[in-house]
Asks: 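Dumping the structure here so I can ask a few things about it.
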Amino acid sequence: MSIVFFAGLIVTLVTCIPVIWQLRNHPRGLVVLFLTEMWERFSYYGMRGLLIFYLTEQFLFSDRAAAAQYGAYTTLVYLLPLIGGIVADRYLGNRKAVAFGALLLVFGHLTMAVEGPPAQQQLTYHGQTYTFATEGRGEARHVQLQVGAGRYDYGPSSDGGLEIRGLPADAPLPAQLKKGDFTLSVKDGRPIYQDFFFLALSLIVVGVGFLKSSISSIVGQLYEQNDPRRDPGFTLYYYGINLGSFWAAVLCGWLGESYGWSVGFGAAGVGMMAGFLVFVIGRPLLQGKGEPPNPAELKRKVLGPINVENLVYLASAVVLGVVYFVVGDNKLVGLLLLPVAGATLLYVFWWLYKNGGRKEWERVFLALTLVAGATVFWALFEQAGSSLNLFAERNVNLTLVGAPIRMPFLGRELFIGSRVMLAQSGLPPSSVWWVDAGMTAAQAQSFNAGFILIFVPVFAALWSWLGKRGKDPDPLTKFGLALIQVGLGFLILVYGAKYADIHARTPLVFLALSYLLQTTGELCLSPIGLSQITKLAPPVLISTLMAVWFLASSLAQYVGGFIAQFAGSDTVAGQVLNPKLALATTINVFSIIGFAAAGVGVLYLLMSPFLKKWSHGSDNVTGG
């Protein structure tokens with residue numbers, strides 16, 4: 001039994017009971033969309049939590065290359081919904097777009113489960129090549145250098161080279177390898193499996209592109225414009241998103257690191273299959289919402305038996321090919337993203353120059369100020385899947401108890417401790433009631449979603465209470481508070497490094513507090529961002545500024561991947577050579593981005609009294 005699973009069940013039961021009760025008062029179609037998006041997020045975050053480890057341990061990417069690859073993938077994940085949303089609005093309709101996207105996601109996640117032999121790190125010295133032997137994954141991973149029939153531990157030498165421990169005096173290479181006397185290379189297991197990997201990423205990117213924007217649009221269509229259940233309905237839907245994210249980290253993270261990458265990725269694929277089936281079977285409950293805007297046009301023949309709908313699907317295959325070509329190249333993704341963002345902003349300013357008065361200029365600049373703040377926030381927040389994930393694995397003690405707890409229970413001994421503690425005790429697992437008090441690094445991703453499940457009703461009540469008293473903070477103030485909190489989340493890790501043990505591992509409580517601060521920051525920023533864009537944009541620019549908002553999310557992913565590259569460390573066979581140096585390097589980056597984000601947050605608080613007037617009454621609070 002695992003404490004993590006037990007805690008997850010408690011959090012889920014306590015938070016989901018009122019949600020289930022409230023769902024009874026909403027359109028039945030909301031249940032379908034709730035479950036579909038819950039499973040989609042389960043698949044996405046289940047895969048995301050394992051991705052950086054899969055890159056560094058299965059394919060032996062360097063930390064820098066892995067962070068760049070992670071950034072390229074997530075950038076495209078947030079960029080493609082712009083295209084998918086346009087196709088859904090003009091041709092397919094939201095329902096068909098969701099179904100098609102979900103099907104692509106099923107194939108994408110199941111393709112991720114196609115796991116070939118791992119890449120091998122090789123060392124060449126004086127023309128002879130030696131292979132590093134690896135066992136296990138994550139924290140349990142053990143790497144040794146194979147020399148003849150023996151396997152030997154290794155570490156860094158004082159001159160930056162390699163020290164091989166326990167090597168016999170008659171070994172064909174010295175125990176101290178000076179820097180420059182040897183070379184390291186990676187022998188790919190079978191290149192075709194890396195091709196499968198990039199195909200899987202491409203399928204997921206295109207699938208999310210079709211599904212992400214369309215499914216939330218159907219939620220809005222379930223309610224009349226002035227239906228008082230509309231906002232509570234989106235809140236319930238938001239709960240489903242985070243419930244899926246929470247259990248993705250808990251379950252897929254555990255399966256992937258404990259039983260194999262294919263098992264973790266496969267679980268994500270099974271979850272997406274469940275979401276697809278729920279959506280297809282639950283179609284009648286959607287009451288005709290999300291159907292194509294012009295069904296006759298969709299059936300119009302354009303080339304022999306091929307109609308417009310068939311053409312959309314064929315075009316998607318072309319897009320899939322383009323994504324496959326660029327997803328492995330971070331620089332190429334940046335070359336695609338930056339011109340699109342620049343051209344969109346140029347159009348906004350061109351329209352303002354031609355048609356905008358002072359009111360429109362000020363409102364749009366206020367909106368762009370919020371977009372800029374959100375970009376900074378999400379660039380740091382999204383370190384969770386890259387640099388923070390690696391930090392958790394290498395420099396955090398992921399055991400929930402400092403020492404094993406032992407007591408008699410039902411005729412046997414109850415042992416509460418990690419797997420390592422149990423092994424060190426010498427007790428056979430079958431002789432005790434063992435409660436696993438450890439967690440995997442990927443499972444640490446559950447902190448954010450778990451805190452959201454707990455604190456969403458708290459923050460909703462807080463904003464409502466302040467609003468009734470006319471003290472609800474204006475958007476700039478909330479964005480400033482969000483940025484300060486995400487900055488403090490990294491600075492608390494800097495502080496926690498002072499308490500690192502002899503293995504350069506910091507206490508878990510500091511990582512938990514970091515995610516708590518990031519989550520409270522998210523709850524200050526995320527719920528109001530898109531709403532403010534729609535309020536501030538001139539009617540003819542609403543779609544364009546919404547595109548700018550989503551482009552900013554994509555840009556944040558790209559910047560986040562760039563930042564994570566600087567937090568990386570030197571590794572051999574996916575294992576850090578010097579954990580203390582790795583801690584120092586990562587903490588230095590966390591210190592810089594932490595102070596930078598907090599500084600930007602303070603700037604937003606200082607700007608708030610002046611810039612909030614630019615809303616010109618678009619918001620009850622800022623319109624004063």
Side-chain angles (χ1 to χ4, degrees), residues 46-74 112 115-123 131-145 154-156 184-191 193-194 196-198 200-201 249 252-253 255-265 327-330 382-396 398 440-445 504-505 560-579 581-583 585-586 589:
M47 175 268 197
R48 192 197 76 157
L50 294 170
L51 180 57
I52 198 75
F53 303 128
Y54 190 60
L55 292 170
T56 56
E57 296 181 14
Q58 176 73 6
F59 294 125
L60 298 186
F61 281 28
S62 68
D63 283 6
R64 191 175 186 88
Q69 177 58 71
Y70 177 89
Y73 162 68
T74 55
M112 282 292 298
E115 177 187 349
Q120 291 183 320
Q121 185 87 66
Q122 295 184 325
L123 182 150
T131 300
F132 289 86
T134 61
E135 293 180 359
R137 290 161 296 277
E139 191 179 19
R141 184 177 174 84
H142 189 209
V143 182
Q144 293 178 303
L145 181 64
Y154 62 92
L184 293 171
S185 59
V186 174
K187 179 183 178 182
D188 201 348
R190 291 182 187 172
Y193 287 100
Q194 198 165 118
F196 273 117
F197 169 70
F198 286 120
L201 292 187
C252 296
L255 289 172
E257 292 197 57
S258 301
Y259 295 98
W261 307 118
S262 60
V263 180
F265 291 136
V327 72
D329 191 329
N330 182 268
E382 285 297 327
Q383 295 302 305
S386 52
S387 64
L388 269 175
N389 229 358
L390 291 175
F391 175 76
E393 181 188 54
R394 298 166 178 175
N395 294 118
V396 177
L398 294 170
T440 68
Q443 284 183 315
Q445 298 279 294
R505 293 183 181 272
F562 180 74
I563 292 171
Q565 293 180 50
F566 291 96
S569 302
D570 291 332
T571 60
V572 173
Q575 183 167 290
V576 169
L577 275 177
N578 189 334
L581 180 60
L583 176 62
T585 302
T586 304
V589 173

Asks: Rounded at 0.5 Å granularity, tell me how far OH in Tyr193 sits from CD in Glu115.
Replies: 9.5 Å

Asks: Counting C-beta onward and ignoring hydrogens, is there a side-chain heavy-atom pair between Arg137 and Phe53 closer than 4.5 Å?
Replies: no

Asks: Is it true that a side-chain atom of Gln121 and a backbone atom of Ser185 form a donor plus acceptor pair closer than 3.5 Å?
Replies: yes

Asks: Is the backbone of Gly560 close enough, under 3.5 Å, to the side chain of Gln383 for a donor and an acceptor to pair up by distance?
Replies: yes

Asks: Work out which heavy atom in Ala442 is nearest to a heavy atom in Gly253; give both atom names and the distance.
Replies: CB-CA, 3.6 Å

Asks: CZ/Arg64 to CG/Asn330 distance, rounded to the nearest 0.5 angstrom?
Replies: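 Arg64 atom CZ to Asn330 atom CG measures 10.0 Å (nearest 0.5 Å).
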
Asks: Does a side-chain heavy-atom distance below 4.5 Å link Thr56 with Asp63?
Replies: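 Yes, close enough: below the 4.5 Å cut-off.
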
Asks: Supply the atom-to-atom distance Glu257 CD to Arg141 CZ, rounded to the nearest 0.5 angstrom.
Replies: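 Taking CD in Glu257 and CZ in Arg141, the distance rounds to 11.0 Å.
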
Asks: Counting heavy atoms not belonging to Asp188, are there more than 12 under 6.0 Å from its CG?
Replies: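 Check passes, neighbour count above 12.
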
Asks: Any side-chain heavy-atom pair from Arg394 and Thr571 closer than 4.5 angstrom?
Replies: yes

Asks: Indicate yes or no: at least one non-hydrogen side-chain atom of Arg48 is less than 4.5 angstrom from one of Tyr70.
Replies: yes

Asks: Would you check if Arg505 and Asn395 make a side-chain contact, meaning some heavy-atom pair closer than 4.5 Å?
Replies: no

Asks: Going through the checks in order, is the side chain to side chain contact (heavy atoms under 4.5 Å, CB included) test met by Val143 and Tyr154?
Replies: CA-CA 9 Å; Val143 182; Tyr154 62 92; 3.3 Å; yes

Asks: Mind checking the CD-OG spacing from Gln443 to Ser258? Nearest 0.5 Å is all I need.
Replies: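 It comes to 7.0 Å.
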
Asks: Can you find a pair of side-chain heavy atoms, one from Leu50 and one from Glu57, that are under 4.5 Å apart?
Replies: no

Asks: Can you see which heavy atom on Pro156 is nearest to which on Asn578, and at what distance?
Replies: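 Answer, listing the atom of Pro156 first, then Asn578: CG-CB, 4.1 Å.
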
Asks: Any idea which heavy atoms bring Ala573 and Leu60 closest together, and the distance?
Replies: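 Closest approach of Ala573 to Leu60: C-CD2, 3.5 Å.
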
Asks: Parallel under 30°, tilted from 30 to 60°, perpendicular over 60°: which one fits the rings of Phe197 and Tyr54?
Replies: tilted

Asks: Check the angle between the aromatic planes of Phe562 and Phe566 and answer parallel, tilted or perpendicular using the 30° and 60° thresholds.
Replies: perpendicular

Asks: Could you tell me whether the side chain of Gln69 reaches within less than 4.5 Å of the side chain of Val327, counting heavy atoms only?
Replies: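 Sidechains of Gln69 and Val327: in contact.
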
Asks: Report the distance from atom CD of Glu393 to atom OG1 of Thr440, rounding to the nearest 0.5 Å.
Replies: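 Answer rounded to 0.5 Å: 9.5 Å.
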
Asks: If I compare all heavy atoms of Ala564 with all of Ser386, which pair ends up nearest, and what's the gap?
Replies: CB-OG, 3.5 Å

Asks: When rounded to the nearest 0.5 angstrom, what distance separates CD in Gln194 from CG in Leu55?
Replies: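 Those atoms lie 9.0 Å apart.
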
Asks: With a 4.5 Å heavy-atom cut-off, do Phe265 and Leu255 have their side chains touching?
Replies: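 They are not in contact (no side-chain heavy atoms under 4.5 Å apart), so the answer is no.
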
